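Start at 1 and go down the list; that is how both ligands and their atoms are numbered. None of the values given here were measured: they were computed from a predicted structure. We number each residue from 1, following the sequence as shown.
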Amino acid sequence: MASPTQRRISLGDFRHEALSETSSTNSECLARARAGDPGFLWVTAERQTSGRGRRGRAWASERGNLYASLLLIEPAPVERLASLPLAIAVAVHQAIRMVLPPGSAPLEVKWPNDILIDRKKTCGILVEGERLDDGRQALVIGIGVNVSVMPDSPLYPVTCLREHGSAVSPEELFAHLFRSMAEVLDIWSEGRGIREIAARWRDVACGIGEKITVNLPDRSISGQFVGIDDNGLLMLKTGAGKMMQIAAGDVFFG
Ligand code: BTN
C-alpha cells in the first residue's frame, strides 16, 4: 500500500505512439529521452529493421510479433533499480496469461525476465539506460513477444503464442501489456514494493530448486538455483556448498 506521500501510477500517466516501422523501439525511446521527453512513453512498431537483443545480439523483427518499448525517466533511486526487471517480467507474464487459452502449457518466467511457454522462449526483454546531458537517468524497457512468428534461434528453443492456440494480435496483446505494466509499476512503487513483486515473481518462476548453468561474460557457473533474494539477485548454490548472488547472466537448465 502506498503512503500518502508516494506517487501512485495509473493508466492516465502513460502515452503511446504506434509506428509502422522503425530501426528499434528502444532507440526511438532513447532519442525521445534525449529530446526532453518526460517519460511514461510507450513506443510500438509493427516491424523493426535493427531490433536489438541482449548481449549485442540481433532480435529478428518481422511483422506479426509485438515490439514495444517503455521510456521511464528517473524510475527509482539507483540502489532500488536492480528489482525493476522482476517487476517487468511480472507485468509481461500477466499480459500474456490473459491471451492464452485455458489449459495451455505452463507459462513461466526465466530469471530475470525471459518469458517461456513449455520451457521455450516466447518473449525477450532488453533494459537499456542512459544518463542524459541534463543529468536525468533515462531507462528503456524493450519487450519483444513472439505472437505469430517464431524466429530461429541456435541458442535456445523458441515458441510463439499462435503455437499455443492464441489468436491474439500484437495490438490486442499490447492493450493488455499497457494495463498490466501500469498496475505492476504502481505496486513496485519505485522499488519500495519489491517484496510483493518478488513474491509474484516466485509464483511464476521456472526452475527454482533445479540444477542450472549461468553464463557470465567471462565464465560459466553451475549449481542449484535456490531462488532470488529481495533485490532480485539470483541465488546459486555451487558444488562447494557456497552461496553466490548473481546480478546478470544467461540461465540454462539442466
Ligand atoms: C533478448 O535478447 O531476449 C531481449 C530482446 C528484446 C527485444 C525487444 S523488441 C522491442 C525492443 N526494441 C529492440 O530493439 N529490442 C527490444
Between the protein and ligand 1, are there any N or O atom pairs that come within less than 3.5 Å of each other, and if so, what are their names and distances?
unit_1	atom_1	unit_2	atom_2	d
ligand 1	2 (O)	Arg54	N	2.7
ligand 1	3 (O)	Lys121	NZ	2.6
ligand 1	12 (N)	Thr25	OG1	3.2
ligand 1	12 (N)	Gln48	OE1	2.9
ligand 1	14 (O)	Ser24	OG	2.8
ligand 1	14 (O)	Arg52	N	2.7
ligand 1	15 (N)	Arg52	O	2.7

Only counting residues at least two apart or in another chain, list the ones meeting ring-ring contact (aromatic ring centres under 6.0 Å, His included) with Phe40. Phe14
Check against side-chain hydrogen bond (donor to acceptor under 3.5 Å, both in side chains), Ser23 and Thr49: CA-CA 5 Å; Ser23 58; Thr49 51; 5.2 Å; no
Donor-acceptor list for residues 82-104 side chains, cut-off 3.5 Å, not counting sequence neighbours:
unit_1	atom_1	unit_2	atom_2	d
Ser83	OG	Arg80	O	3.1
Ser83	OG	Trp188	NE1	2.9
His93	NE2	Leu107	O	2.8
Gln94	NE2	Glu183	OE1	3.4
Gln94	NE2	Glu183	OE2	3.4
Ser104	OG	Pro101	O	2.5

Identify every side-chain donor-acceptor pair in residues 243-254 under 3.5 Å, counting partners at least two apart or on other chains, and give the distances.
unit_1	atom_1	unit_2	atom_2	d
Gln245	NE2	Asp229	OD2	2.9
Asp250	OD1	Arg54	NH2	2.3
Asp250	OD2	Arg55	NE	3.1
Asp250	OD2	Arg57	NH2	2.9

Measuring centre to centre across the rings, with the benzene-like ring taken for any Trp, is Trp42 within less than 6.0 Å of Phe174? yes
Taking atom types as modelled and ignoring hydrogens, do the side chains of Asn215 and Ser220 form a donor-acceptor contact shorter than 3.5 angstrom? yes
